[in-house]
There are 2 protein chains.
Amino acid sequence: MESAFAILAEPNRRALLNLLATSERSVGELERRLRLPQPSVSKHLRVLREAGFVESRVDAQRRVYRLRPEPFMELDSWLAPFRRFWSAHIDALERHLDRMERQPAPKRRNRRASPKGRKR
Amino acid sequence: MESAFAILAEPNRRALLNLLATSERSVGELERRLRLPQPSVSKHLRVLREAGFVESRVDAQRRVYRLRPEPFMELDSWLAPFRRFWSAHIDALERHLDRMERQPAPKRRNRRASPKGRKR
DNA sequence: CAGGCATATACCGGTGTGGGAATATACGTC
DNA sequence: GACGTATATTCCCACACCGGTATATGCCTG
């Protein structure tokens, strides 16, 4: 279960993280909010803890979980190369729309030469 | 296999996307660069395509794949709530280090705007 | 120390998914 | 049309993982 993405592939784990994004919470609270069986919550929290997404503090019989920033920062930096790409894309789109706006008919674009027997 | 995270849980798929981040590439090229069996590449590309991460263009017998921005933008916005959290964290750390550095500390540093690729 | 609450762990069964090998499809060339 | 290349698809199997149930551990209160 190495990668952060594998951890986040699980919907309930993402839900847990979303709740914890607001504030730290006890297991019982998470359990009630998500309407999940307690063992399920504990197991997912374990996975999240071992992956570094959360850490727990002991408060009497309760365990209070809170987020840790590192894995999110890693996610963010993984995303970085693609961010370059998609913002370029958006820029291009915007420029395109600009041109469309003041030039009614762009007539480039290729026509197909021979319509052939297509399958499917 | 709904979520984008489930798609990215697969290391080979992430590798494919990383290659495509540079430029569009044919299946054969991806195959050679990643040293993966061809069916594997095709299968992963299919998953990526159906999830909207890539699209393919036909060039004679070749299929050339390129990235699509949407899923990455979704990822980025999923990350947003946590970004708030972790940048607060970093601010605290920076302020702390500042105080450590210059003895009896002055007030505050300026706020950070956008996170960059950090190392550990 | 008993009993209760909060949480963690162990066990088990079903299922989805990735890898490998074989095969199918599409296209371009002779 | 036969062949070669490029890519897609199918089939099968092993295995990881999730959910559920039962049980263990830890701490608090009387």
Side-chain angles (χ1 to χ4, degrees), chain A residues 1-20 23-67 110 112-120, chain B residues 1-20 23-67:
Chain A
M1 175 83 64
E2 346 97 59
S3 101
F5 294 102
I7 307 291
L8 297 175
E10 227 297 322
N12 292 320
R13 287 199 282 267
R14 292 199 300 278
L16 286 168
L17 292 178
N18 278 327
L19 281 183
L20 293 175
S23 75
E24 55 174 31
R25 300 181 194 276
S26 74
V27 177
E29 192 180 349
L30 295 167
E31 182 191 341
R32 285 188 302 277
R33 296 231 184 194
L34 293 182
R35 305 264 172 95
L36 279 180
Q38 179 267 319
S40 189
V41 175
S42 279
K43 281 192 275 189
H44 285 307
L45 283 174
R46 156 119 101 145
V47 175
L48 289 171
R49 177 161 22 91
E50 288 176 348
F53 279 90
V54 301
E55 61 190 358
S56 70
R57 167 171 63 87
V58 181
D59 170 35
Q61 328 94 314
R62 317 228 158 140
R63 305 268 174 137
V64 180
Y65 281 80
R66 61 168 164 263
L67 293 186
N110 46 355
R112 287 294 307 112
S114 57
K116 301 194 293 299
R118 298 259 299 123
K119 283 276 298 209
R120 248 193 304 131
Chain B
M1 173 86 64
E2 346 98 56
S3 102
F5 293 103
I7 308 292
L8 297 174
E10 228 296 324
N12 291 321
R13 286 200 282 267
R14 292 199 301 279
L16 285 168
L17 292 178
N18 279 327
L19 281 183
L20 293 175
S23 73
E24 54 174 32
R25 299 182 195 275
S26 73
V27 177
E29 192 180 350
L30 295 167
E31 181 190 342
R32 286 188 302 276
R33 296 230 185 196
L34 294 182
R35 305 266 171 95
L36 279 180
Q38 178 268 318
S40 188
V41 175
S42 278
K43 282 192 275 188
H44 285 308
L45 283 174
R46 156 121 97 149
V47 174
L48 289 172
R49 178 161 22 91
E50 288 176 347
F53 279 90
V54 302
E55 62 191 357
S56 70
R57 165 171 66 84
V58 181
D59 170 36
Q61 327 95 312
R62 317 229 158 138
R63 305 269 173 136
V64 179
Y65 282 80
R66 61 167 164 265
L67 294 185

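The model shown is predicted, which means the values in this text are computed figures rather than measured ones. Here is the naming used below: chain letters follow the sequence lines, and residue numbers restart at 1 for every chain.
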message: Looking at C/dA8, I'd like to know if its phosphate oxygens (OP1 or OP2) sit under 4.0 Å from a side-chain N or O belonging to A/Y65.
response: yes

query: Under 4.0 Å: is that the gap between some side-chain N or O of A/R46 and OP1 or OP2 of C/dA8?
result: no

Can you tell me the distance, in whole Å, between the [atom1] atom of [X] and the [atom2] atom of [N]?
{"X": "B/R32", "N": "D/dT5", "atom1": "CZ", "atom2": "C1'", "answer": "12 Å"}
{"X": "A/L30", "N": "C/dA6", "atom1": "CG", "atom2": "P", "answer": "14 Å"}
{"X": "B/E29", "N": "D/dT5", "atom1": "CD", "atom2": "P", "answer": "19 Å"}
{"X": "A/L16", "N": "D/dG19", "atom1": "CG", "atom2": "P", "answer": "11 Å"}
{"X": "A/R62", "N": "C/dG4", "atom1": "CZ", "atom2": "P", "answer": "18 Å"}
{"X": "B/L48", "N": "D/dA8", "atom1": "CG", "atom2": "C1'", "answer": "15 Å"}
{"X": "A/E55", "N": "C/dT7", "atom1": "CD", "atom2": "C1'", "answer": "18 Å"}
{"X": "A/L45", "N": "D/dG19", "atom1": "CG", "atom2": "C1'", "answer": "16 Å"}

- prompt: When you measure from the side chain of B/R25 to the backbone N and O of B/L19, does any donor-acceptor pair fall under 3.5 Å?
  reply: yes

Contacts of type side chain to side chain donor-acceptor pair (under 3.5 Å), residue [X], not counting sequence neighbours:
{"X": "A/S42", "value": "A/Q38"}
{"X": "B/R13", "value": "B/H44"}
{"X": "A/Q61", "value": "none"}

- prompt: Does any pair with a residue in residues 47-59 of chain B pass salt bridge (Lys or Arg N to Asp or Glu O under 4.0 Å), and if so which ones, sequence neighbours excluded?
  reply: B/E24-B/R57, B/R46-B/E50, B/E55-B/R66, B/E55-B/R68

Residue pairs passing the salt bridge (Lys or Arg N to Asp or Glu O under 4.0 Å) test where at least one lies in residues 31-45 of chain B, sequence neighbours excluded: B/E29-B/R33

Expected rows: protein N/O vs nucleotides 25-30 of chain D N/O, under 3.5 Å:
none

message: Are the side chains of A/L20 and A/L48 in contact, using a 4.5 Å heavy-atom criterion?
response: no

Pairs under 3.5 angstrom, nitrogen or oxygen only, protein versus nucleotides 15-22 of chain C, please.
from: C/dG18; atom 1: OP1; to: B/R13; atom 2: NH1; distance (Å): 3.3
from: C/dG18; atom 1: OP1; to: B/R13; atom 2: NH2; distance (Å): 2.7
from: C/dG18; atom 1: O3'; to: B/E10; atom 2: OE2; distance (Å): 3.4
from: C/dG19; atom 1: OP1; to: B/N12; atom 2: ND2; distance (Å): 2.9
from: C/dG19; atom 1: OP2; to: B/H44; atom 2: NE2; distance (Å): 2.8
from: C/dG20; atom 1: O6; to: B/K43; atom 2: NZ; distance (Å): 2.4

query: Listed by chain and number, what are the side chain to side chain contact (heavy atoms under 4.5 Å, CB included) partners of B/P11, not counting sequence neighbours?
result: A/E2, B/R14

- prompt: What's the closest nucleotide to the A/V27 side chain, out of C/dT7, C/dA10, D/dA6?
  reply: C/dT7

message: A/Y65: which residues meet the ring pair (Phe, Tyr, Trp, His ring centres under 6.0 Å) condition with it, sequence neighbours left out?
response: none

